[in-house]
Amino acid sequence: MEKVTSQSLATVYGPVNSWRVGKSLGIDLLCVNSICSFRCIYCQLGKINDHTLTRKVYVPTAQVMRDLAQSDWPSADVITFSGSGEPTLATNLGEVLRAIKKFTAKPIIVLTNATLLGSADVRRDLLAADKIFCKLDAARERTWQLINRPVAGLTLRETIVGITALRQEYRGHLAIQTMVLPINVKELEELSELLKEIQPDEVQLNLPSRPVPQEWLFEARGNHQLQMEKAAKFKQIKRAELERIAAKLQTQTGLPITLPHHA
Ligand code: SF4
């Protein structure tokens, strides 16, 4: 798919309704392409074209702030950094976060796959967020590689070390997000051990409910109801099974576990 230029795309989208956080205004610092250090098997964006660990400015901060001022930001409950890939790959993440904090008092959430949290610069960039949701889909290295398909050289252990460092430095609300799939339900004991090590404020369990396009689909960044002809859908575990998993994790870790309403 041909690349599109940052000038032709809004860096701000929505607000979109999220069962978890309410009306969410999306901030996309990567909207020039699909850019991520993962290629998750369930990624709603479809194909990640730029599979990378390179941090740089993809869209200028001034453009983000212009788009924000023109958006329907007053109607949003929260402002969420997510969009066309992994937000921590943008070196102006911290600058944009602080600029938005000056612009509005709305709470800011950052969704991250946590692969860059080993960097002190990245952790510092995140400190201005009110909530950080870190992805952790597996407790075993092999399963993590299979589900998330990271850039070569990344490891689950290094990612856990990064999340734990963030936990020690960050005073806001830190949640772990886990996509529950048939492939990782056998790792609950190990996942409990990792969660006890990290000590997040919350554990959010998700199910892969969104279609997976075959190619990068820009519109999929914030649209949960997109209809598409060629898209994969994942076999989901049953609600009763998810509730059993949540109860077990809660007992083993003592942490609050949140389930999707729509499961
Ligand atoms: S971390 Fe998010 S954007 Fe990146 S591949 Fe996974 S689901 Fe897609």
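Ligands are counted one by one from 1 in listed order, and the atoms in each one are counted from 1 as well.
- With a cut-off of 2.8 Å, the protein N/O/S atoms near atom 6 (Fe) of ligand 1 add up to 1.
- Residues Asp137 and Thr178 bring no donor and acceptor atom of their side chains to less than 3.5 Å of each other.
- Side-chain atoms of Asn92 and Thr61 include a donor-acceptor pair closer than 3.5 Å.
- To the nearest 0.5 Å, the span separating CZ on Phe81 from CG on Leu29 amounts to 5.5 Å.
- Screening residues 93-121 for salt bridge (charged side-chain N to carboxylate O under 4.0 Å, His left out) gives Lys101-Asp130, Asp121-Arg124 as the qualifying pairs, with residues at least two apart or on separate chains.
- Note that the CD1 atom of Ile35 and the CG atom of Leu30 stand 5.0 Å from one another [nearest 0.5 Å].
- Checked by atom type, the side-chain pair Thr80/Ser82 shows no donor-acceptor distance below 3.5 Å.
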